[in-house]
Amino acid sequence: MTIQTLVTHDDLSIQAAHDFVLAKNCGAVVHFIGTVRDHNLGMPVTSLEYKAYEAMAEKLLKTMAQKVKEQFKVEHIYIAHRLGHLQLSDISVLISVATHHRDDAYKASRFLIEAIKQDLPVWKKEHYLGKLPSWVQCSHHHHHADH
């Protein structure tokens with residue numbers, strides 16, 4: 001099994017993820033692509049900003065990938081999370097998995113995105129139309145907002 005994890009300020013590439021996980025012995029490749037949407041909780045969002053404890057985030061992504069390897073029959077995993085200021089429709093998180101069969105691919109992908117949302121030390125600041133920016137979904141992490 002091969003694993004690639006990435007926490008970066010650079011654009012995320014679906015093609016790079018696909019190329020990394022594609023294998024002749026795998027019959028299923030699942031990509032999860034998280035993008036910046038234009039609303040949250042009824043408020044218009046204009047952009048997002050992600051900050052992270054980068055060294056810990058990288059380490060946790062690798063740990064998450066190893067856990068997926070133990071639970072599902074995954075051959076290849078690519079996980080990337082973007083940092084910095086992102087515009088609407090930008091890719092914020094990218095997960096690609098390759099397995100022999102589709103059920104394991106779907107389960108592994110779902111496991112990884114839920115683990116990232118729950119445990120990864122990445123903080124999201126939403127920028128709104130007509131309102132001050134706000135850090136959101138940070139209740140399980142300790143972060144001091146600097147509005």
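If you're wondering where the values come from, they're calculated on a predicted model, not measured in any experiment.
Heavy-atom neighbours of H101 NE2 from other residues, nucleotides or ligands within 6.0 Å: at or below the threshold of 12. Atom NZ of K73 has 12 or fewer heavy atoms from other residues, nucleotides or ligands within 6.0 Å. The number of heavy atoms from other shown groups lying within 6.0 Å of CZ (F111) is above 12.
Using a 4.5 Å heavy-atom threshold, the side chains of D119 and M64 count as touching. Residues L41 and V136 are not in side-chain contact: their nearest non-hydrogen atoms beyond the backbone lie 4.5 Å or more apart. At least one side-chain heavy atom of L6 sits less than 4.5 Å from a side-chain heavy atom of Y78. The shortest side-chain heavy-atom distance between S96 and F20 does not fall under the 4.5 Å cut-off. For the pair I77/L112, a side-chain contact is recorded, criterion being any heavy-atom separation below 4.5 Å from C-beta on. No side-chain heavy atom of R110 sits under 4.5 Å from any side-chain heavy atom of V30. V7 is listed as a side-chain neighbour of L83, based on a closest heavy-atom distance under 4.5 Å. At least one side-chain heavy atom of L61 sits under 4.5 Å from a side-chain heavy atom of L120.
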TODO: Go through the steps to decide whether K69 and V74 satisfy the test side chain to side chain contact (heavy atoms under 4.5 Å, CB included), and finish with yes or no.
DONE: CA-CA 6 Å; K69 177 185 174 188; V74 178; 5.7 Å; no
TODO: Walk me through it: do Y128 and V45 pass the test side chain to side chain contact (heavy atoms under 4.5 Å, CB included)?
DONE: CA-CA 4 Å; Y128 306 105; V45 173; 4.0 Å; yes
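Counting all heavy atoms, side chain and backbone alike, H127 lies closest to H85 at NE2-CE1, 3.6 Å. The two residues W123 and Y53 make their nearest non-hydrogen contact at CZ3-N, 3.5 Å. When all heavy atoms are compared, the tightest approach of N40 to E126 is ND2-OE2, 2.9 Å. The two atoms that bring K124 and Y50 nearest to each other are CD-OH, 3.5 Å, heavy atoms only. Across every non-hydrogen atom of L22 and V29, the tightest pair is CD1-CG2, 4.2 Å. Contact between V68 and A108 at its shortest, heavy atoms only, is CG1-CB, 3.6 Å.
Hydrophobic clustering, with ILVMFWY side chains joined whenever heavy atoms are under 4.5 angstrom apart, groups M43 together with L88. Hydrophobic clustering keeps V93 apart from I91 (ILVMFWY residues linked when any side-chain heavy atoms are closer than 4.5 Å, directly or through intermediates). A continuous path of Ile, Leu, Val, Met, Phe, Trp and Tyr side chains, each step under 4.5 Å between heavy atoms, connects I95 with V36, placing both in one hydrophobic cluster.
Taking CG of L86 as the start and CD of E49 as the end, the distance is 9.5 Å to the nearest 0.5 Å. A distance of 8.0 Å separates CG of D38 from OG of S89, quoted to the nearest 0.5 Å. Summarising the geometry, atom OG1 belonging to T8 is positioned 12.0 Å from atom CG belonging to L94; distances are rounded to the nearest 0.5 Å. The distance from the CG atom of D90 to the OG atom of S47 is 9.5 Å, given to the nearest 0.5 Å. Once rounded to the nearest 0.5 Å, the distance linking CD of Q87 with OG1 of T46 reads 7.5 Å. The structure places OG of S109 at 9.5 Å from CD of E114, a figure rounded to the nearest 0.5 Å.
Only one option out of E58, K59, H81 pairs with T5 in a side-chain hydrogen bond (donor to acceptor under 3.5 Å, both in side chains); it is E58.
By the 30° and 60° cut-offs, the orientation of the rings of H18 relative to H31 is tilted.
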